Protein chains: 4
Amino acid sequence: MSFRVGVVGATGYSGTIAARLVAQHPSLTLAFATSDAKKGASYAHLGIRAEGTLVANALAEARAEGCDAVVLATPAEVSLELAPRLRTRYPDLTICDLSGAFRLRPASLYERYYKLTHTSPGLLEAAFYGLPELFGAPPRGALVSSPGCYPTATLLALAPVASLVDEGAFHVDAKSGTTGAGRQAKEEHSFAEVDENLRAYKVHDHQHEPEINLHLARKTGVTPDVVFVPHLLPVRRGILVTAYARLKSGVAEDAVKKAYEAAYAGKRFVRFAPPGEVTLASVVGTNDAVLGWSVRGRSLVAFAAIDNLIKGAGGQGIQSLNLALGLAEDAGLDHLTRSAAG
Amino acid sequence: MSFRVGVVGATGYSGTIAARLVAQHPSLTLAFATSDAKKGASYAHLGIRAEGTLVANALAEARAEGCDAVVLATPAEVSLELAPRLRTRYPDLTICDLSGAFRLRPASLYERYYKLTHTSPGLLEAAFYGLPELFGAPPRGALVSSPGCYPTATLLALAPVASLVDEGAFHVDAKSGTTGAGRQAKEEHSFAEVDENLRAYKVHDHQHEPEINLHLARKTGVTPDVVFVPHLLPVRRGILVTAYARLKSGVAEDAVKKAYEAAYAGKRFVRFAPPGEVTLASVVGTNDAVLGWSVRGRSLVAFAAIDNLIKGAGGQGIQSLNLALGLAEDAGLDHLTRSAAG
Amino acid sequence: MSFRVGVVGATGYSGTIAARLVAQHPSLTLAFATSDAKKGASYAHLGIRAEGTLVANALAEARAEGCDAVVLATPAEVSLELAPRLRTRYPDLTICDLSGAFRLRPASLYERYYKLTHTSPGLLEAAFYGLPELFGAPPRGALVSSPGCYPTATLLALAPVASLVDEGAFHVDAKSGTTGAGRQAKEEHSFAEVDENLRAYKVHDHQHEPEINLHLARKTGVTPDVVFVPHLLPVRRGILVTAYARLKSGVAEDAVKKAYEAAYAGKRFVRFAPPGEVTLASVVGTNDAVLGWSVRGRSLVAFAAIDNLIKGAGGQGIQSLNLALGLAEDAGLDHLTRSAAG
Amino acid sequence: MSFRVGVVGATGYSGTIAARLVAQHPSLTLAFATSDAKKGASYAHLGIRAEGTLVANALAEARAEGCDAVVLATPAEVSLELAPRLRTRYPDLTICDLSGAFRLRPASLYERYYKLTHTSPGLLEAAFYGLPELFGAPPRGALVSSPGCYPTATLLALAPVASLVDEGAFHVDAKSGTTGAGRQAKEEHSFAEVDENLRAYKVHDHQHEPEINLHLARKTGVTPDVVFVPHLLPVRRGILVTAYARLKSGVAEDAVKKAYEAAYAGKRFVRFAPPGEVTLASVVGTNDAVLGWSVRGRSLVAFAAIDNLIKGAGGQGIQSLNLALGLAEDAGLDHLTRSAAG
């Protein structure tokens, strides 16, 4: 038995990952893959051995006929237009959107953070935030809004301990490889500008900050106060989050440890490691999140590392599809192992 | 008129920088340079055009005869032994120590952070902490204890605003290139392990944390509470510090701006830039510190970038020598410009 | 049906790859894995999910009892001692040696290139050079000498056209990522020395040069004259070989094309691409070799790219085991896809 | 006494270098600097401390009034238009063009290699190829055509030995950092595509190949046959050239050594080193060329390393201006030292 899955936007970094994972998946079949930039190119262009040809994005809606699920690896503006059309035409289709189009609430936040007017507030309200370790399995037929790469790492680090820290306040210092920004033809993302360099960006103004605060509140009941500052690393892949907080009076190290252990008992894709071993190299190439923490007095520093393109995008999307379709959570993801060096 | 300066440990990264800066300096002459690893090699090995030969470290004390100043670019254990001998034999010699041997107080902290017993508590007490922007010009004949690379960047970012933030509390997330650790023959510093990777180290346990707290208290009168977490970047040179704090109630953005401007008015080596332009590329190759900040409500995020080997080591040492010897603060440092790319 | 395979030296870069590939293989079982550096560590240390514990290298011989094959991911000196003992004790065992111990002939070359006296000239003579695209399937029970990473790439590029070029003469300019040198605790392989740098090494003196000449002669009947110069790249993985030659008078571009196509028709792991698309990024993470060429007049420039740890080491070893054991050539290797970015 | 020099195109990588070198030069004054992209920005944007403001490129001609020299750090099309206008209006002006506009002959080659029709064949004929180590000092008032970065390195390596090798034939394998391509907003130069990657480009089709052959013939009288293949390295700066040739029968290693020594005796910016020490790190940040060679039998492998933005562009331009204006060859260039690490 195999489910038919289409991937829209298959030549972006996240879309390529998603398409490959579908193509190699024991219970999924790649029904179609689209790309305006490379339409007509064979699947070999994606590193996929199966026969097939990329089609134009405009054909996505028609090709979704007979599919069980579709992954949208498209910019938010495109997802915002396509998801409602797919939902209307195929009420039972499971849709997994990797963009930010259905992550934030209220809809009015989209004006500020995405410079767009949200035209599907109903779908936004109904979307299932696809971070399975915190929010469980999406139902079949859902619109799964797959979390941003930064929120995935940050929420995994913060949720278990949010109720243990003063005022739900965290300073989150995040560092990401450049693929987090997608394929780029910008001078600021050129090798000569990024290599041997480091800088913060969108300080006090990144769209993932309200996404983190929203879903942290939903999960924990705490009213969080997360300050989030991302930095652009001279690496291709991987995110490391370092989160600082002050523990409530009387909270000891052991309580922190127990909180993490309770939160992730039995979770296939979460591992714990000492702070110095929460590294990009230990997760890149995998769907894993590695978490660590250190406590000294009331100072808590928590760490999380993920591959931004896998656990932070295409891999987590497949994880959500697996759950929505009733498959094993790690089906088609269990062969992913970290790179040899590191 | 030219002052004679010797450099002990001239083939380490910091020592090489110091030796070159002395050799190119319009008012300093490189009297001698030592290196056990490369004794007998010509100065050309250091990229210095002047004629000369590296001598063994054991000759440093004798060669200091007739010198005006000596730079110790040696491990803390070596400086701890050599500085007292130089001081005894040459009471007027200006000594600039780039190691940690004379930075911390009380002396008992050396047991924990440097795994050594401090044998010169008198010199430790008398040492002048050589961060000129905050502590001014050292007197001629001083033992200048040049600050660590992380403390230089961190103190420049924190000192002006320490009295404006709640409880003097900062979360300092620091990122450094690998030369900060000196020349290394360790697997963990091999290219294959560092490249495309990132990790924190010595969390809640780095020797620069008490150094920062000590001198921030001395400078500001505040009782600070700095949590400091360093990370190892896949770059060769440069430090970026991101510091998080909560402003005291009623402190507005303008007060922060004024505090920085007042602190560094007329300071040759400090520049301000928007947060996204506080980059490694803007400082590497120079003795500059670039600072930036962002305020939103009570959230303050401050940034500092320096070249760890210049402003964080050899360059700042020469800056201190300039001041101690009555030269222009930027003598021999004004030709340093950042690399073209970035 | 599953074959039992042990891996000796499983924490080196190549050994880790080999152990993972065995552990994930549908028809192989990881019978044991050894490492002196990490004995007692769980398989999780290798990124392997199966339960298991690394044992000391000294146990390798005993643990090979009941195994169908053993992979030696050990230094040449170790392989040279262990292979004969395994062969004697287990006459039917298939042994795949990833070191250089059984690649060169005559044995006397080992004095110069490996600084050792070859103590098993009989085994050396009997060893099967495991480059399946050129030398076919090794027999079950063979001692497979898996080629070096440079020779794998170079021979694949040169063999089809060696008879078409003047005097069998090639200038081979090879560039390798740092993992090619194995795990390193040397200053010259530290990040600070390798990053933003490039240099040649062992010019006119690399052990892979005679290996290339030997097996190129065996395969083609030509008496080759290959000058081989390797360079150390600031990347972790991947080899690019650029080979220059002068075509014999009258040999046209089409003859070159036909020679490559004939040589690799139906070969699962060889692909052709235009010269500018023969990149590290197109092969890293896979067992593929990508080849390209350009002809202008009598000038031929040929290109080959492989992942030094997979097609150049552990992956090719598994490919050889597959063939020796009668499995599909790509069993356990077909899920390997290149990294998303690039 | 100070000469007035203007820089056109001062925000490109080469132009920034040139402008800084002029601004810091003891005998030159930066008369003006232009940039359409950043017009109105202060010189601080270039890392220059002197007061000044970038003006639009269109003002270059007028601002050249009263200047002794002008550096054109502009694309070939722009130089091709501007140089004749400057020459006509200011017959005595020394013009140093860093582009390819005046390097190739006959003019008809520009159609193929630069996709433009050369409109100033007279100036092209009169231009002085500014590689001082091979062609000496340009006269004051000349149009100096500064060599490309690849030809600078290649010609320095090849010229001394061209008459010693069979048929003047060289295989030149060149590797360059990404700044060689100038500031880029192209996906193919994005960090994610360049990092951890390597590829050849313009194989058998690079404009520097005929430039090398032309000037090698002019210098040596040999009819050369240079095949030149450039590769894009994941580094920011630096070029390494590896050149392969077959020595004429009877030419021994010593003859090669003597040829290099004779060619560069007394040359300020040329150094010799063993092949493994001809590295990017030993030249980046300097105007130096480091050369090395290895001979085995009749096989010659020669190496050259330069900083593509300094010796390969802006620095060599200033070196030529120094000579044309009667200054010391290394005036304003002698403070450049290589980076500490490496």
Side-chain angles (χ1 to χ4, degrees), chain C residues 167 169-175 177 188 190-205 225 227 229 231-240 242-246 274-282 284 292-301 303 305 339-342, chain D residues 167 169-177 188 190-205 225 227 229 231-240 242-246 274-282 284 292-297 299-301 303 305 339-342:
Chain C
E167 308 182 34
F170 291 94
H171 291 135
V172 175
D173 192 282
K175 302 94 172 170
E188 70 186 56
S190 69
F191 184 86
E193 300 298 323
V194 172
D195 190 46
E196 295 289 300
N197 206 353
L198 181 74
R199 63 178 170 86
Y201 61 100
K202 290 191 176 180
V203 179
H204 283 137
D205 198 36
D225 175 13
V227 173
V229 177
H231 299 74
L232 183 67
L233 284 178
V235 309
R236 296 201 306 174
R237 285 167 73 162
I239 283 179
L240 181 69
T242 309
Y244 301 80
R246 182 178 161 94
E277 296 177 21
V278 182
T279 65
L280 303 190
S282 68
V284 167
W293 58 87
S294 175
V295 172
R296 186 190 57 196
R298 291 177 62 183
S299 168
L300 166 66
V301 188
F303 299 87
S339 70
Chain D
E167 307 184 34
F170 292 93
H171 291 135
V172 175
D173 191 283
K175 302 94 173 170
S176 174
E188 71 187 54
S190 69
F191 184 87
E193 299 299 324
V194 173
D195 190 46
E196 296 289 298
N197 206 352
L198 182 74
R199 61 179 170 85
Y201 60 101
K202 290 191 176 181
V203 179
H204 283 137
D205 197 36
D225 175 14
V227 173
V229 177
H231 299 74
L232 183 67
L233 284 178
V235 308
R236 296 201 306 173
R237 285 167 73 164
I239 284 178
L240 181 68
T242 309
Y244 301 80
R246 182 179 161 93
E277 296 177 22
V278 182
T279 65
L280 303 190
S282 68
V284 168
W293 57 88
S294 176
V295 171
R296 186 189 58 195
S299 168
L300 166 67
V301 188
F303 300 88
S339 70

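Quick caveat, the model's predicted, so the values are computed rather than measured. Numbers restart at 1 for each chain; the letters A, B, ... are given by sequence-line order, proteins then strands.
- The heavy-atom pair separating D:Tyr244 from C:Val229 by the smallest distance is OH-CB, 3.3 Å.
- Most heavy-atom pairs under 4.5 Å with chain C: of the set D:Gly297, D:Ser294, D:Gly276, D:Ala200, this distinction falls to D:Ser294.
- Between the side chain of C:Glu196 and the main chain of D:Ala281, no donor-acceptor pair closer than 3.5 Å is present.
- For the atom pair NE2 of D:His231 and NE2 of C:His231, the computed distance is 9.5 Å after rounding to the nearest 0.5 Å.
- Ranked by non-hydrogen atom pairs under 4.5 Å with chain C, the options D:Leu280, D:Asp173, D:Leu232, D:Val203 are led by D:Asp173.
- One distance of note links CZ of C:Arg296 with CG of D:Asp205; it measures 8.5 Å at 0.5 Å rounding.
- Interface check for chain D: of the options C:Thr242, C:Asp225, C:Asp195, the most heavy-atom pairs under 4.5 Å are formed by C:Thr242.
- Only the side chain of D:Leu233 has a heavy atom closer than 4.5 Å to any heavy atom of chain C.
- Interface remark: D:Tyr201 contributes no atoms to any contact with chain C (heavy atom separation under 4.5 Å).
- Looking at C:Val194, neither its backbone nor its side chain comes within 4.5 Å of chain D, counting heavy atoms on both sides.
- At a 4.5 Å heavy-atom cutoff, the contact between D:Val278 and chain C is made by backbone atoms alone.
- Of the atoms belonging to D:Ala169, not a single heavy atom falls under 4.5 Å from chain C.
- Contact count against chain D (heavy-atom pairs under 4.5 Å) is highest for C:His204 among C:Lys175, C:His204, C:Lys202, C:Arg199.
- Inter-residue side-chain proximity for D:Val235 and C:Leu198 is flagged as unmet; no heavy-atom pair is nearer than 4.5 Å.
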